[in-house]
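One structure is given below, encoded as structure tokens.
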Amino acid sequence: MTRVALRPAINQAVETLRVAGVHSPQADAEYLAAHLLGVDRTRLALTPLVAPELIEEYRALVERRAQRIPLQHLTGTAAIGQIELAVGPGVFVPRPETELLFAWALAQLEALPHDHPPVVVDLCTGSGALALAIAQARPDADVHAIEIDPTALQWARRNADLRIAEGDTPITLYADDVTDSNLLTELNGEVDLVVANPPYIPEGAELDPEVAEHDPHLALFGGPDGLDVIRRMIPTITRLLRRGGSCAIEHDDTNGSDLAALLAEHGDFTDIVEHPDLAGKPRFVAATRN
Ligand SMILES: C[S@@+](CC[C@H](N)C(=O)[O-])C[C@H]1O[C@@H](n2cnc3c(N)ncnc32)[C@H](O)[C@@H]1O
């Protein structure tokens with residue numbers, strides 16, 4: 001059977017994506033090829049020749065990426081920690097930035113005394129990203145995750161089932177509002193760790209088409225200053241955390257100090273620390289319940 005070279009098609013795809021304004025054309029062109037071949041991106045060179053039909057399929061996929069459909073909607077997956085999540089229309093695509101909060105959360109759990117299973121709450125769970133990554137890394141943890149959007153919650157349920165099939169400890173998912181004063185009252189004062197990547201973009205911010213047209217509005221925007229949901233979520237966090245328990249909240253890079261000030265004003269938190277991302281931009285704030 002005739003086989004054709006893959007590399008020229010990838011080079012052409014890089015150019016197509018660059019012209020379309022895609023931010024990482026080389027990586028995306030290679031990820032899409034690797035996805036079609038069912039191999040890791042780093043192993044593409046091991047498949048220099050492919051069937052002509054695969055090139056046709058590849059070009060069609062690249063064309064869709066050039067229309068600024070998110071890469072993860074085309075491959076159907078996004079990674080966090082050691083796990084892959086199913087993602088697609090109707091759910092926020094987990095971002096690499098959140099890995100920092102995840103790593104911080106694991107370090108917090110590691111530092112806890114091993115006298116009880118740690119209780120963890122993920123507010124605004126979306127696809128289940130933080131909750132499921134924590135459950136995978138810490139099978140001893142009792143993880144609870146809350147999501148208000150029914151479509152996002154369907155993705156979270158699907159991911160939770162996929163993780164159970166992989167042998168992870170099940171998490172408990174709730175269809176609820178993180179600002180509701182009746183949320184999870186049975187865990188009042190019992191929680192060791194609260195993590196949250198809530199909607200935090202200020203209304204009116206300019207966004208790439210991948211985000212503006214494909215991430216749900218409810219997942220993105222947090223009112224005029226981006227802090228609407230966070231502001232109303234702080235009483236929930238305060239109520240749930242045990243004394244000495246800690247929380248981390250991801251935020252827009254324009255409002256790190258505002259969030260730190262909100263927690264300080266609240267009066268129930270100590271050790272309030274702003275954490276930057278790898279680019280040096282403020283990314284999440286951590287605090288301890290005093
Ligand atoms: C930025 S996304 C983050 C999703 C996930 N934590 C992650 O890191 O990929 C925010 C999520 O919060 C959900 N959400 C927004 N307002 C909420 C509320 N009041 N209560 C519960 N979930 C909410 C959105 O539907 C969305 O799934």
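No experiment lies behind these values; they were computed from the predicted model shown. These values consider heavy atoms only, across backbone and side chains, with no hydrogens, waters or symmetry-generated copies. We count ligands from 1, going down the list as the structure has it; atoms in each ligand are counted the same way.
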Is it true that Arg231 and Glu265 make a salt bridge, defined as a side-chain N closer than 4.0 Å to a carboxylate O?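 The answer is no: the pair does not qualify as a salt bridge.
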In terms of side-chain geometry, is the basic nitrogen of Arg283 or Glu99 positioned less than 4.0 Å from the acidic oxygen of its partner?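 A salt bridge is absent here (no side-chain N lies under 4.0 Å from a carboxylate O).
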Just by distance, do the side chain of Arg68 and the backbone of Ala20 share a donor-acceptor pair under 3.5 Å?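 Yes, Arg68 side chain to Ala20 backbone: donor-acceptor pair under 3.5 Å.
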Does the Asp142 side chain pair with the main chain of Pro117, one donor and one acceptor, at a distance under 3.5 Å?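 Checked: no pair found.
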Do any nitrogen or oxygen atoms of [X] come within less than 3.5 Å of a nitrogen or oxygen of ligand 1?
X: Thr179; value: no
X: Thr98; value: no
X: Ala219; value: no
X: Ile146; value: no
X: Phe92; value: no
X: Asn197; value: yes

Starting from [atom], locate the nearest protein heavy atom and write down its residue, its atom name and how far away it is, to 0.1 Å.
atom: atom 20 (N) of ligand 1; value: Val178 N, 2.9 Å
atom: atom 12 (O) of ligand 1; value: Cys124 CB, 3.1 Å
atom: atom 5 (C) of ligand 1; value: Thr125 O, 3.3 Å

Please assess Thr288 against Phe269 for the test side chain to side chain contact (heavy atoms under 4.5 Å, CB included), listing each intermediate value before the final yes or no. CA-CA 5 Å; Thr288 303; Phe269 294 96; over 6 Å; no
Taking CD in Gln67 as the centre, count heavy atoms belonging to other residues, nucleotides or ligands within less than 6.0 Å. Is the count above 12?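 Buried by this count: over 12 neighbours within 6.0 Å.
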Distance-only donor-acceptor check, side chains Glu250 and Thr98, under 3.5 Å: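 Thr98 and Glu250 do have a side-chain donor-acceptor pair below 3.5 Å.
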Are side-chain N/O atoms of Asp208 and His23 paired as donor and acceptor at under 3.5 Å?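 There is such a pair between these side chains.
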Distance filter under 4.0 Å to [X] heavy atoms, resulting ligand 1 atoms:
X: Asp149; result: 25 (O)
X: Pro199; result: 10 (C), 12 (O), 15 (C), 16 (N)
X: Gly126; result: 4 (C), 27 (O)
X: Pro94; result: 9 (O)

Using the ring of each side chain (for Trp, its six-membered ring), is Phe284 parallel, tilted or perpendicular to Trp104, with breaks at 30° and 60°?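 If you compare the ring of Phe284 with that of Trp104, the planes turn out perpendicular.
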Is the gap between the ring centers of Phe221 and His217 under 6.0 Å?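 Yes, the ring of Phe221 comes within the 6.0 Å limit of the ring of His217, centre to centre.
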Heavy atoms only: which of Arg95, Glu147, Glu97 is nearest to atom 25 (O) of ligand 1?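 Minimum heavy-atom distance to atom 25 (O) of ligand 1 goes to Glu147.
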Per atom 17 (C) of ligand 1, closest listed option by heavy atom (Asp228, Leu101, Ile148):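 Among Asp228, Leu101, Ile148, the closest heavy atom to atom 17 (C) of ligand 1 comes from Ile148.
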When you measure from the heavy atoms of Asp177 to every atom of ligand 1, does any distance fall below 4.0 Å?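 In this structure, Asp177 qualifies as a contact of ligand 1 - some heavy atom is under 4.0 Å.
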Heavy-atom gap Asp176 to ligand 1 smaller than 4.0 Å: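 Yes; Asp176 lies near enough to ligand 1 that a heavy-atom distance drops under 4.0 Å.
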With backbone taken as N, CA, C and O and side chain as the heavy atoms from C-beta onward, which portion of Val91 lies under 4.0 Å from ligand 1: side chain, backbone, both, or neither?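 The answer is neither; Val91 stays 4.0 Å or more away.
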What part of Pro198, side chain, backbone, both or neither, has a heavy atom within less than 4.0 angstrom of ligand 1?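 Backbone only.
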Excluding sequence neighbours, so at least two apart, what forms ring pair (Phe, Tyr, Trp, His ring centres under 6.0 Å) with His116?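 Ring pair (Phe, Tyr, Trp, His ring centres under 6.0 Å) list for His116, sorted by chain: empty.
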From CA spacing to verdict: side chain to side chain contact (heavy atoms under 4.5 Å, CB included), Leu130, Thr125: CA-CA 7 Å; Leu130 280 166; Thr125 197; 5.8 Å; no
